[in-house]
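Structure first, then comments.
All values below come from the heavy atoms of this structure, side chains included, with hydrogens, waters and symmetry mates left out. Numbers here are sequence positions counted from 1. Treat the numbers as computed from the prediction; the structure is a model and nothing was measured.
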Amino acid sequence: MGTILCNGQILVDGKLVKKDILIEGTNVSRIADSIEEAGHEVLDAAGKLIVPGFIDMHVHLREPGFEAKETIATGTASAARGGFTTVACMPNTRPVIDTPETVRLILQKAKEEGSARVLPMGAITVRELGQELTDMAALKEAGVIAVSDDGVGVQSSKMMKDAMKVATSLGLPIVAHCEDDSLVEGGCVHEGVFSEKHGLKGIPSEAESIHVGRDILLAEATGAHYHVCHISTAESVRLVREAKQRGVRVTAEVCPHHLLLCDEDIPGPDANYKMNPPLRSRRDRQALLQGLKDGTIDMIVTDHAPHTAEEKGRGIELAPFGIVGLETAFPLLYTKLVLKGEFTLQEIVDRMTRVPAEVFNLPWGALEEGKSADIAVIDLETEKEVNPETFASKGRNTPFTGWKLKGWPVLTMLEGRIVWQAEEMNSEGARQ
């Protein structure tokens, strides 16, 4: 016996088309105008949007070492609530994901406790200290899908070039947190309107773009697949665009908060608006939107970064960088970009499913017969306020509290198994 999702709408060449979907085992077995029940369980999607499960190539699950902030169980539950079925976890845990043993620990935990598929990223350097390369071959054999020192930039050009050579020989992408430490010097927000108004130390845009430019040249020299983490500045977008035009193998990701907010939107010294990279200028935000629109920026990620309330309560200068994002990502993008006509629904869905799968050579991200039944069902009509107290994540650190949004996931399936289901989705709905 399988499961039929009936009366839903799928995207076909950018248009919403009513279809039934039959899931048998772990795969989608049939998509048709109407499918007979024939003893199958029936879930009535009642006109809701059905899309491939979202893929987030940049999250922080915090385990091992920082379980007070998040665990693999709570982080993947948060992912499922947001319609994500695949997440790539960053290596800045304790211990750092720099040994095969830690990779295997994460994969085992995810298998036992996870509500989403977890893809570990290994560290580029031992303990992310930038002094010694990890054994990337052993990390790949253990199951990493890329290497990154996310949380810190690799400061040495020689170290990054050596890393690219090794990673390229193994077919591993280099996923780079781009930040020149000599230009940061204790900054907590973008160097701009907000920092000047409040007398805060700012982080200049060139702290990011200098590393982007350097690494593009190194990728060009080594043939590496170089992926820019959470791109945030107009200069970085320009450098990536020019590199792509030259045929350099560079890709990039952007976060919803950088697409929707700039430093002028920060209401005051609230640590829930503190993230790295920081909210940049209005000009930077416009460049990010244009870069996503024209394909310079390939995909959308959340950089989901939970912290405890106590940590975020230290104030904007002392609190750690980061906000949570898995449960609000699609509603934010749908409400603020799709409904306002800046992007089509197809464009946003593609950049959260098909494109990350293609960039990282993953077998998911498509709603097709014979493919894995990784599925998100989304209510495009009901408007709700963002309420952090309802999050599945341990983190409550979001700047979007109280925002009224549409586009909330109501059901998520991973390989045909329901991992999140809202009350309004049940198996008793009749066909319309």
Side-chain angles (χ1 to χ4, degrees), residues 58 60 66 69 90 92 125 128-130 148-157 160 175-215 228-240 252-288 301-308 310-325 395 397-399:
H58 192 136
H60 298 271
F66 299 110
K69 302 172 189 275
M90 289 296 166
N92 55 337
T125 65
E128 292 195 329
L129 295 176
S148 176
D149 270 7
D150 186 59
V152 291
V154 176
Q155 300 303 302
S156 163
S157 298
M160 182 56 96
V175 177
H177 176 110
C178 300
E179 189 171 36
D180 186 321
D181 287 351
S182 68
L183 293 172
V184 175
E185 297 177 346
C188 61
V189 292
H190 173 64
E191 185 179 86
V193 173
F194 182 83
S195 66
E196 292 174 8
K197 178 180 178 181
H198 292 273
L200 297 169
K201 173 66 179 174
I203 301 172
S205 294
E206 54 268 25
E208 173 183 288
S209 54
I210 283 174
H211 265 206
V212 173
R214 178 200 73 175
D215 291 349
V228 181
C229 283
H230 40 50
I231 196 167
S232 72
T233 77
E235 294 80 10
S236 297
V237 173
R238 173 169 55 83
L239 288 164
V240 170
E253 64 187 38
V254 68
C255 303
H257 45 273
H258 290 124
L259 292 170
L260 303 181
L261 296 170
C262 67
D263 67 331
E264 295 177 47
D265 297 316
I266 305 175
D270 180 349
N272 284 323
Y273 288 82
K274 181 180 182 180
M275 65 283 290
N276 191 8
L279 297 175
R280 300 289 187 182
S281 70
R282 191 174 301 276
R283 169 179 167 269
D284 291 314
R285 175 177 172 265
Q286 289 302 317
L288 296 174
V301 302
T302 66
D303 193 10
H304 176 81
H307 294 290
T308 66
E310 291 75 16
E311 288 172 317
K312 278 296 187 179
R314 295 173 188 164
I316 200 163
E317 291 184 274
L318 298 178
F321 292 100
I323 66 171
V324 293
N397 45 308
T398 174

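- Put simply, the side chain of Pro267 reaches to within 4.5 Å of the side chain of Tyr273, judged on heavy atoms.
- Although no hydrogens or angles enter the test, the distance criterion places a donor-acceptor pair under 3.5 Å between the side chain of His304 and the main chain of Gly325.
- A donor-acceptor contact shorter than 3.5 Å is absent between the side chain of Lys274 and the backbone of Phe321.
- Looking at Arg285, its side chain never comes within 3.5 Å of a backbone N or O of Cys262 through a donor-acceptor pair.
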Checklist line | Verdict with reasoning, Glu179 to Val152, per side-chain contact (heavy atoms from CB on, under 4.5 Å) | finding: CA-CA 7 Å; Glu179 189 171 36; Val152 291; over 6 Å; no
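- Counting all heavy atoms, side chain and backbone alike, Val254 lies closest to His258 at CG2-CB, 4.3 Å.
- The shortest non-hydrogen separation linking Leu261 to Pro399 is CD1-CG, 4.3 Å.
- Closest non-hydrogen pair, Val212 versus Cys178, comes out as CG2-SG, 3.7 Å.
- From Cys188, atom SG reaches atom CG of Leu200 across 4.5 Å, with rounding to the nearest 0.5 Å.
- Counted by atom type alone, Glu311 and Thr308 present one or more donor-acceptor pairs between their side chains at under 3.5 Å.
- Paired with Glu264 under the rule salt bridge (charged side-chain N to carboxylate O under 4.0 Å, His left out), one option of Lys197, Arg283, Arg282 passes, and it is Arg282.
- Asp149 and Thr125 share a side-chain donor-acceptor pair at under 3.5 Å.
- A 4.5 Å side-chain heavy-atom check between Val228 and Glu253 finds every atom pair outside the cut-off.
- Under the 3.5 Å distance criterion, with hydrogens and angles disregarded, a donor-acceptor pair is assigned to the side chains of His58 and Asp150.
- No side-chain donor-acceptor contact under 3.5 Å links Glu208 to the backbone of Ser236.
- Closest heavy-atom contact between Gly151 and Asn92: CA-ND2, 4.2 Å.
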Checklist line | From CA spacing to verdict: side-chain contact (heavy atoms from CB on, under 4.5 Å), Ser148, Met90 | finding: CA-CA 7 Å; Ser148 176; Met90 289 296 166; 4.0 Å; yes
Checklist line | Check against side-chain contact (heavy atoms from CB on, under 4.5 Å), Leu288 and Ile231 | finding: CA-CA 8 Å; Leu288 296 174; Ile231 196 167; 3.9 Å; yes
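- Atoms CG and CD1, from Asp263 and Ile203 in turn, are 12.0 Å apart once rounded to the nearest 0.5 Å.
- Between the NE2 atom of His177 and the NE2 atom of His211 there is a distance of 9.0 Å, given to the nearest 0.5 Å.
- Here the CG-CG distance, from Asn397 to Asp270, works out to 10.5 Å after rounding to the nearest 0.5 Å.
- Contact detail for Ser209 and Thr233: the closest heavy-atom pair is CB-OG1, 4.1 Å.
- Using modelled atom types and a 3.5 Å distance limit, the side chains of Asp303 and His257 yield no donor-acceptor pair.
- To the nearest 0.5 Å, atoms CE (Met275) and OG (Ser232) are separated by 11.0 Å.
- The CG atom of Leu279 sits 5.0 Å away from atom CD1 of Ile266, with the distance rounded to the nearest 0.5 Å.
- In the model, Lys312 has no side-chain atom that pairs as donor or acceptor with a side-chain atom of His307 under 3.5 Å.
- When atom types are taken as modelled, the side chain of Asp180 and the backbone of Ser182 share a donor-acceptor pair closer than 3.5 angstrom.
- For Phe194 and His190, the distance between ring centers is not under 6.0 angstrom.
- A donor and an acceptor atom, one from each side chain of Ser205 and Glu191, are nowhere located under 3.5 Å apart.
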Note to self: One pair to check against side-chain contact (heavy atoms from CB on, under 4.5 Å): Val189 and Ile316. What are the steps and the verdict?
What the structure shows: CA-CA 8 Å; Val189 292; Ile316 200 163; 3.8 Å; yes
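- In plain terms, the two heavy atoms of Cys255 and His230 that are nearest each other are SG-CB, 3.8 Å.
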